[in-house]
Amino acid sequence: MKISLSWISKYTKIPNTIKEKYDLADKFARQIADIDGITHYGEHTKDIIVGKIIRIQNHGNADKLKITQIDIGEKEYLQIVTGAPNIYEGMYVPVAKIGITLPGGLTIEKRDLRGVPSYGMLCSEKELMISDNHEGIMDLGDIKDIKAGENLISYIEDLIFDIDNKVISNRGDLFSHEGIAREIATLQRTEYIKNKIQDIKSNENKKINIDINAKNFCFRYTAIIVKNVKIKESPMYIRRNLEKLGIQSINNIVDITNYIMLDTGQPLHAFDLDKIGGEDTEIIVRKAKNEERIKTLDQKERVLSEENYLIATKSAPIAIAGIMGGYDSKVDENTKNILIESATFSPKLIRKSSKSINLRTDASLRYEKRVDPNKTMRALLETVNLIQKEGIGEIASQVIDITNIQDIGKKEILSFDFNRIEKVIGIKIEKRTVQDILERLNFEVKISKDNIISVKVPTERDDIKEDVDLIEDIGRIYGYDKIPLKNPIYEIKPGREDIVYKTKQAIKTIISACGGYEIKTYSFINEDLLKKSMLDDVSKIKIINPNSEDYTILRSSLIPSILKTVSINQKNSDSFIFYEIANVYKENRGEELPKEEYELIISAYNKKLETFFSLKNIIEAIKEYLPLKGDIIYQNFLKIPYLKNKSSKIYLNDEYIGDIGNIHPEIRENFNINGNLTISVIQIKNIIKYIDPFQKIKPISKYPEIKIDLNITIDNSISAKSIIDIIYDENLRSKNIVDVYKGKPLKDNQTGLTIRLVFENFEETFKIEDIHKKIEKIKEYVTKKFSNVLFR
Amino acid sequence: MQNLTDEILKATKEALDDIKNCDNIQSLRKVSSEYKGKESNLYKILTKISQLQGEEKKLIGSRINESKAKIDNALSQKEQELKISEYEKEESEYLDITLIKEVRTLGSTHPVTQMIQKIVDIFGLYGFSHVTDREIETDWFCFQALNMDIDHPAREMQDTFYIEENHILPRTHTSSVQIRTMLKSKPPIRIISAGRVYRNENQDARHSFMFYQYEGLIIDNNITIADLKSILTQALRKIFENDKIELRLRHSYFPYTEPSFEVDATCMLCEGKGCKVCDFKGWLELLGAGMVHPQVLRNVGINPKEYQGFAFGGGPERLIMIKNEINDTRLFYENDLRFLSQLKKL
């Protein structure tokens with residue numbers, strides 16, 4: 001929302017110099033609301049002076065040209081020849097004298113126009129980069145106390161703040177110049193002067209029939225009829241003020257309603273009374289019907305639903321309430337009588353209505369943020385005051401004011417312990433300072449002897465609900481810069497350890513140390529990527545409102561994303577290892593929320609060399625680094641997307657923890673991957689429980705240790721681990737599977753294992769016969785327990 | 001006897017010649033063991049001594065000893081020579097130490113991971129522990145509990161992705177972790193949480209539909225805005241390793257904090273003088289913060305009269321971008337090895 005600083009000066013003193021104005025903007029952005037941008041209005045008019053047209057003569061040799069004599073505060077008038085259509089004697093205009101360079105780059109020279117010398121140029125707003133208006137010379141007639149010969153900039157210079165609406169989204173009262181002015185006055189500690197409103201003196205008894213049918217939507221409806229309106233261009237100051245803030249000037253009546261809206265924050269609307277059934281018409285505020293249609297002011301045909309609300313007569317809708325007026329009831333050059341509406345609508349319902357037809361306007365913006373229902377009457381009176389002042393219409397009815405709010409105008413009182421302020425902010429602020437800040441912000445304040453502060457809240461401040469809301473106002477105006485740094489004092493206790501985070505970090509560390517690069521890919525993928533990865537049959541949780549066709553599904557596998565990443569990077573590198581730890585999402589029957597589990601994916605790519613074992617080594621490294629208790633076993637082949645004969649499931653202590661395998665060539669082709677690619681996926685949840693935080697270290701014997709490899713063949717009914725488990729000897733230091741073999745000469749259901757036993761003796765050097773005895777004992781025991789185990 | 005003397009001389013000469021002919025340590029060692037072993041000619045002569053008598057025995061014995069000493073001497077001299085010549089050989093060899101093989105042996109964690117780790121470590125010093133929690137949330141945890149009721153604009157479809165309309169959604173901020181934590185544990189609470197968040201935004205240099213957030217929360221008896229300012233100042237000074245950084249709290253609005261702030265830090269690149277990175281303001285907007293709204297505390301069953309605290313949150317990407325003067329957020333999720341391989345940290 002845009003605010004003009006010179007408009008603010010109607011309410012309170014604003015700084016004179018441009019530097020001070022920018023300083024104010026800086027404070028404003030920190031203590032009131034962030035500013036998205038500042039426009040320095042008129043900044044290009046430093047060299048332009050004010051001139052007054054004294055005389056206009058026709059040019060003898062050209063129909064369109066006029067010869068003007070301009071008073072520029074000097075003894076002699078300046079003669080300027082111009083082709084502008086809008087000049088008149090007595091008009092104040094911007095003058096660029098000879099030698100001046102206009103912002104567009106044109107330097108003014110003495111010229112002869114068809115035999116008549118011209119000593120300068122009269123400028124349009126566009127030529128001065130004030131607006132896009134190039135229709136005529138800029139008319140300075142609205143400027144008070146203007147004097148010929150003075151610098152133009154001193155009269156028109158302004159700063160326009162474009163305020164970040166988000167920061168004031170709970171402050172409906174700040175969507176107005178009067179609201180912002182009060183904040184600025186508080187900040188500067190300058191006096192705030194309220195608008196003076198004159199009561200309407202009228203003997204008209206005419207009433208307007210108003211029926212608020214949608215009571216939950218329309219809180220208050222205030223209206224008046226004005227007759228004999230003279231539609232024309234609005235006064236210059238109104239036009240300029242609207243245009244400065246980006247609102248197009250339409251005609252005097254429409255402009256005045258907009259002007260009062262920008263000033264007070266109360267949206268107003270004028271209907272052409274004769275187009276809505278004349279003075280005996282009935283105005284109905286009601287819900288729209290499904291498929292009901294209305295052509296709005298922007299000439300668009302709108303199809304409505306029950307989410308919209310209408311201002312209507314008995315026969316037709318005349319406006320989408322609070323959003324935009326109807327085209328067929330608009331005020332135009334032929335309008336004679338008008339009805340002016342000043343109403344309050346429900347913020348929530350306006351937001352819904354506006355969203356459902358995707359139409360946001362200056363009015364709906366304000367209604368969404370809440371307009372104080374107490375404002376309708378005051379804003380309507382201001383509008384009528386202005387119409388009367390300009391002499392463009394006469395009151396033709398009573399002011400009709402209907403509301404269904406019981407306690408309108410009632411002010412809430414908030415009381416709390418004064419010490420709360422210090423308890424929240426952290427420093428002591430004096431009572432009189434607190435009182436001053438709040439009173440300037442229009443609160444009524446009492447602080448009792450027993451330190452209770454009671455605050456009467458003005459009706460436009462419905463954001464004030466509890467003590468902290470007021471403490472915020474006190475804090476920001478007092479200035480957070482004045483709060484010194486102070487370390488908190490609290491009892492420190494070690495918090496609970498986040499094992500998931502810690503494990504993730506440890507895995508990242510070890511894989512990186514093994515040469516892996518961590519990637520971060522998007523959690524959303526699409527069908528196409530799944531198809532290319534030959535993973536069509538996985539869980540697919542869909543996003544109902546995706547914003548790109550590339551990202552429509554919550555991924556249940558990390559494989560597609562890493563394939564895409566490998567594909568992109570193989571162009572620049574011949575070999576690399578990538579990994580990612582991220583959630584995958586799966587449907588969770590009977591539960592409200594989907595299943596969400598962390599997975600680790602690792603990929604090893606090499607243009608020429610086999611990659612399987614470098615990845616397998618990384619898995620072993622993870623096991624040792626975390627460390628994981630027990631043994632990792634690779635068995636059982638996998639299917640697509642892996643190659644059957646070059647893949648395996650991974651088990652830790654007989655529990656499935658993941659997969660490893662080379663990727664099927666068809667998938668590599670789908671992703672244009674040329675070279676070897678192995679991928680492994682590990683379930684973080686399944687390994688966390690095997691992390692051994694108390695891993696012990698043992699002394700080593702000074703006598704030589706003995707390594708014995710046992711080659712055994714088992715069938716698939718026995719797990720390798722169950723054999724490892726029963727191997728025991730008092731001198732056994734370690735027992736590990738060092739090789740697994742499948743294939744000829746073994747049968748299909750057989751696996752060959754090599755188990756390495758390491759014996760150690762702390763007393764003496766082993767005698768070879770003793771070791772043989774131990775081995776025989778172990779073999780005997782294993783064969784006794786498992787009849788189908790063969791030692792080779 | 002003359003025979004024996006001649007044999008000794010011959011054997012000695014042979015030995016000395018062999019030694020002389022050695023051109024490396026290994027052959028010298030071989031020669032050495034040959035002449036010291038039982039198979040050597042000298043040893044054989046020695047065995048004959050027992051057959052001799054008196055003076056003769058004495059004489060031959062001392063000849064043998066002399067010759068042994070000669071050989072030993074020659075051996076050690078030769079050994080010395082050979083060693084020196086080997087050292088010299090290696091010394092004379094040239095290795096171009098600027099040559100490197102192009103083998104990447106060390107990988108790295110993602111820059112975002114590194115920044116999060118840094119933040120978690122720093123807040124760890126203040127007793128904040130990391131908490132991991134869900135990404136797909138219900139509207140209650142992501143919005144309602146945080147004082148954003150059903151009509152709050154942030155909940156609209158143009159800002160939030162939905163799995164089920166107005167109900168199940170990928171979280172739009174990590175603040176949902178605050179709620180889950182406060183429901184589970186009693187004050188005092190000091191947590192930091194980092195993770196993925198999702199917003200329905202179109203991708204460009206400044207926006208991504210997925211990004212990371214870190215979030216901190218402290219709830220205790222006497223936590224004030226002054227504490228907030230102090231902890232955040234020290235943390236940001238550590239993150240940017242710059243003790244000159246000052247913070248500025250700028251009034252803002254978030255439904256879940258009151259008062260609310262945008263936290264600006266002195267631009268560390270120009271030290272507040274104004275530069276391109278800070279848009280010539282001298283200040284950088286780094287995070288959002290505020291005192292936890294009493295309604296949020298009530299929503300999770302904490303009495304706001306007894307406890308209060310502050311929360312803060314921001315984007316690790318933004319901190320990295322400022323530190324490295326990067327201006328395209330897409331770099332973080334394109335996963336180009338040439339980008340990722342720059343910061344070698346584990």
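In what follows, chains are A, B, ... by sequence order, proteins preceding strands, each numbered from 1. No hydrogens, no waters, no symmetry mates; every other heavy atom, side chains included, goes into these values.
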Which atoms of A/K166 are under 4.5 Å from chain B, going by heavy atoms: the side chain, the backbone, both sets, or neither? backbone
Identify which part of A/E491 has an atom lying under 4.5 Å from any heavy atom of chain B, answering side chain, backbone, both or neither. backbone
Measure distances from A/P594 to the heavy atoms of chain B and classify the residue's part below 4.5 Å as side chain, backbone, both or neither. both
Chain A heavy atoms under 4.5 Å from B/P170: which part of the residue, side chain, backbone, both or neither? side chain
Is A/I577 in contact with chain B via its backbone, its side chain, both, or neither, using a 4.5 Å heavy-atom distance? neither
B/Y126 versus chain A, heavy atoms under 4.5 Å apart: side chain, backbone, both or neither? both
Is the positively charged end of A/K504 above the ring of A/Y598, judged by distance under 6.0 angstrom from the centroid and angle within 45° of the axis? yes
Which atoms of A/D473 approach chain B - backbone, side chain, both or neither, heavy atom under 4.5 Å: neither
Is A/I427 in contact with chain B via its backbone, its side chain, both, or neither, using a 4.5 Å heavy-atom distance? neither
Region of A/N572 in contact with chain B, defined by heavy-atom distances below 4.5 Å: side chain
Contact part of A/T565 toward chain B, heavy-atom cut-off under 4.5 Å: side chain, backbone, both or neither? side chain
Non-hydrogen atoms of chain A under 4.5 Å away: do they reach the side chain of B/Q308, the backbone, both or neither? side chain
Need one label for A/N569: side chain, backbone, both or neither, based on atoms under 4.5 Å from any heavy atom in chain B. side chain
Which of B/H167, B/R180, B/R171 passes side chain to side chain donor-acceptor pair (under 3.5 Å) with B/E137? It is B/R180
Proximity breakdown for B/F209 and chain A, heavy-atom pairs closer than 4.5 Å: side chain
Side chain, backbone, both or neither: which part of A/R171 has an atom under 4.5 Å from a heavy atom of chain B? neither
So for A/P546, is it side chain, backbone, both, or neither that comes closer than 4.5 Å to the heavy atoms of chain B? backbone
Check salt bridge (Lys or Arg N to Asp or Glu O under 4.0 Å) between A/E587 and all other residues, then give those that pass, not counting sequence neighbours. none
Please flag which part of A/K520 lies under 4.5 Å from any non-hydrogen atom of chain B: side chain, backbone, both or neither. both
Relative to chain A, which of B/E246, B/R248, B/M291 shows the most heavy atom pairs under 4.5 Å? B/R248
State, without any angle test, whether A/E592 and B/T138 hold a side-chain donor-acceptor pair at a distance under 3.5 Å. no
Under 4.5 Å from any heavy atom of chain A - which part of B/R134: both
